[in-house]
Amino acid sequence: MRRPARAPRLPAPASPTTTTGAELRPEFNPESSPASGAESGAESSAESGAASVMVLSLIGVVLSLTVGALVIASVLIASQRARLAADLGSLAGASAVQDGASPSGACAAARQVAVANGAAAQSCSSDGSVVDLSVAVSSALWPDPAVARARAGPESVATQ
């Protein structure tokens, strides 16, 4: 009959007051270290590469927000340019009417100022001394143009 194998015994410290703790620490084995590339259990294999995924996700979110902000900024700039071109064009047309220009001459002056400000005139009408101008400015990152309308003339007539 064979005897069952016994578990190895750890050497007992020489005395409790002279123990340095080195006897109780396990030896370092570089082959079983997680840094050496060998997996040391289920936890390290489940978490391997998690930081890379988090960093890539964060970069994706930051890029998406940046692109969205650029699109919104492009639309806002086009809208502002359209409003500015419509205002200046209608004021130029109203000024031309005040100087004695015909309604078609007033619209020609309004269109010229709108084009000089980077807008395309969509419609222009002159009724007496009031000029009504509608313009469009294309946006760099948005498919639809920004459209603005302005009306200029003497205060008593333009507000009616």
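Residue pairs meeting the disulfide (SG to SG under 2.5 Å) criterion with at least one member in residues 66-103: none, sequence neighbours excluded. Listed by first and then second residue, the disulfide (SG to SG under 2.5 Å) pairs that reach into residues 97-131 are Cys107-Cys124, sequence neighbours excluded. Under the side-chain hydrogen bond (donor to acceptor under 3.5 Å, both in side chains) criterion, no residue pair touches residues 52-71, with sequence neighbours excluded. Legend: disulfide (SG to SG under 2.5 Å) pairs involving residues 67-105, not counting sequence neighbours: none detected. Pairs passing the salt bridge (Lys or Arg N to Asp or Glu O under 4.0 Å) check and including a residue from residues 98-112, sequence neighbours excluded, do not occur.
What you find for Ala92 and Val113 is that their closest heavy atoms are CB-CG2, 3.5 Å. Across every non-hydrogen atom of Ser90 and Ala150, the tightest pair is OG-CB, 3.5 Å. Closest non-hydrogen pair, Val147 versus Ser134, comes out as CG1-OG, 4.1 Å. Counting all heavy atoms, side chain and backbone alike, Pro145 lies closest to Ala136 at CB-CB, 4.2 Å.
A 4.5 Å side-chain heavy-atom check between Leu76 and Gln80 finds every atom pair outside the cut-off. Taking the side chain as every heavy atom from C-beta outward, Arg151 and Val130 approach each other to under 4.5 Å.
Looking only at distances, no side-chain donor or acceptor of Ser126 sits under 3.5 Å from a matching main-chain atom of Ala106.
Residues satisfying the salt bridge (charged side-chain N to carboxylate O under 4.0 Å, His left out) test with Asp132, not counting sequence neighbours, are Arg149.
For the side-chain contact (heavy atoms from CB on, under 4.5 Å) with Leu88, the lone residue among Asn117, Val135, Leu133 that qualifies is Asn117.
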